[in-house]
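The chains referred to below are lettered A, B, ... by the order of the sequence lines, with proteins before strands, and numbering in each begins at 1. The shown structure was predicted, so the numbers you read here are calculated from the model rather than taken from an experiment.
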There are 2 protein chains.
Amino acid sequence: MDDIDRALVLRLQQDASQSYAALGAAVGLSAGATHERVRKLRERGVIRRTTVEVDPAAVGSGVLAYVMVDSNAWMGDSKAAFEAIAEIQEAHIIAGSASVLVKVRTATTEQLQDVLRRLYAVDGVSGTHATVVLDTFFERPLPL
Amino acid sequence: MDDIDRALVLRLQQDASQSYAALGAAVGLSAGATHERVRKLRERGVIRRTTVEVDPAAVGSGVLAYVMVDSNAWMGDSKAAFEAIAEIQEAHIIAGSASVLVKVRTATTEQLQDVLRRLYAVDGVSGTHATVVLDTFFERPLPL
DNA sequence: CATGAAACATCGCACGC
DNA sequence: GCGTGCGATGTTTCATG
């Protein structure tokens with residue numbers, strides 16, 4: 001994981017559809033050597049997968065909210081219960097007054113309300129506190 | 001934006017490195033027709049870009065926190081001030097008691113503290129409330 | 001890590017549904 | 001208009017030095 005690896009990851013985050021020749025030229029490597037480095041980055045798990053970034057509004061997920069989930073029990077084994085709610089994009093165990101923080105995307109606020117209802121149905125959940133996003137300034141790749 | 005388009009987007013989110021032939025076979029299309037549909041999805045902005053998903057811990061961003069930023073002024077024009085803080089991965093205007101919600105990734109909690117210091121220096125910011133993530137259950141693509 | 005060659009995928013065009 | 005099939009071009013992949 002040297003400077004060249006970091007440069008490769010940075011450029012792949014910006015555009016993973018470019019050729020290895022172009023990617024290599026940008027960091028001073030041949031296409032073959034570039035390919036080998038990227039292969040190893042994948043193997044080591046630094047790069048998890050290649051994916052596409054989708055406009056949420058274009059696929060019926062125009063409403064974004066973060067929900068603090070309070071509980072009266074240990075939530076560490078409840079991963080599956082949150083995964084079962086398709087509208088939950090992220091779920092984290094957190095420090096502080098709440099127990100779990102989830103990121104939710106739905107088409108409408110009615111559907112958001114329904115997600116809250118299903119969150120209350122999860123074992124141990126004693127309350128929710130939803131924060132609705134009015135406008136997203138930006139979402140960007142990791143700094144390197 | 002029919003069912004085939006949705007299937008294409010779903011499969012590309014899971015693996016954008018597969019060939020158009022393989023992608024087409026999965027949805028019952030030829031490679032050429034698949035390529036044309038994906039090109040149009042990009043053109044329309046449904047697919048914003050192709051990127052790689054990186055393990056944050058592997059690139060020195062093992063600490064994740066969400067910060068509620070309180071303000072005593074309208075924050076709608078402060079996008080640039082938040083963008084200038086490299087450790088901020090997402091920034092949203094929110095409804096409710098706080099004004100802005102930011103997602104922050106740093107290598108250490110000391111660096112997180114430094115980000116909070118820089119947030120206080122932003123014009124109009126009157127307070128912060130940080131929630132540190134202890135463990136991430138999952139982060140996954142949009143539902144379709 | 002670079003180079004060259006073979007295997008493969010992409011991409012444009014003419015055709016057919 | 002939309003998808004198909006083929007051919008030219010460019011890219012990946014693997015050998016060797």
**OP:** Indicate, with a heavy-atom threshold strictly under 4.0 Å, whether Ser19(A) touches base, sugar-phosphate, or nothing.
**Re:** sugar-phosphate
Subject >> Pairs satisfying ring pair (Phe, Tyr, Trp, His ring centres under 6.0 Å), at least one member in residues 12-64 of chain B, at least two apart >> reply: Tyr20(B)-His35(B)
Original post:
OP1 or OP2 of dC2(D) less than 4.0 angstrom from a side-chain nitrogen or oxygen of Arg37(B), does that happen here?
Top reply: no
Original post:
Is His35(A) near enough to dT12(D) that one of its side-chain N or O atoms lies under 4.0 angstrom from OP1 or OP2?
Top reply: no
Tell me: [atom1] of [X] to [atom2] of [N], nearest whole Å?
X	N	atom1	atom2	result
Tyr20(A)	dG4(C)	OH	C1'	19 Å
Glu36(B)	dC11(C)	CD	P	11 Å
Leu23(A)	dC1(C)	CG	C1'	15 Å
Ile4(B)	dG3(D)	CD1	P	7 Å
Arg42(A)	dT12(D)	CZ	C1'	13 Å

Original post:
Is a donor on one side and an acceptor on the other found under 3.5 Å between the side chain of Gln13(B) and the backbone of Leu10(B)?
Top reply: no
Subject >> Any donor-acceptor pair under 3.5 Å from Ser78(A) side chain to Ala81(A) backbone >> reply: no
Subject >> Out of dC1(C), dT4(D), dC2(D), whichever nucleotide has its closest atom nearest the side chain of Leu29(A) >> reply: dC1(C)
Original post:
Between the side chains of Ser71(A) and Ser99(A), is a donor N or O closer than 3.5 angstrom to an acceptor N or O?
Top reply: yes
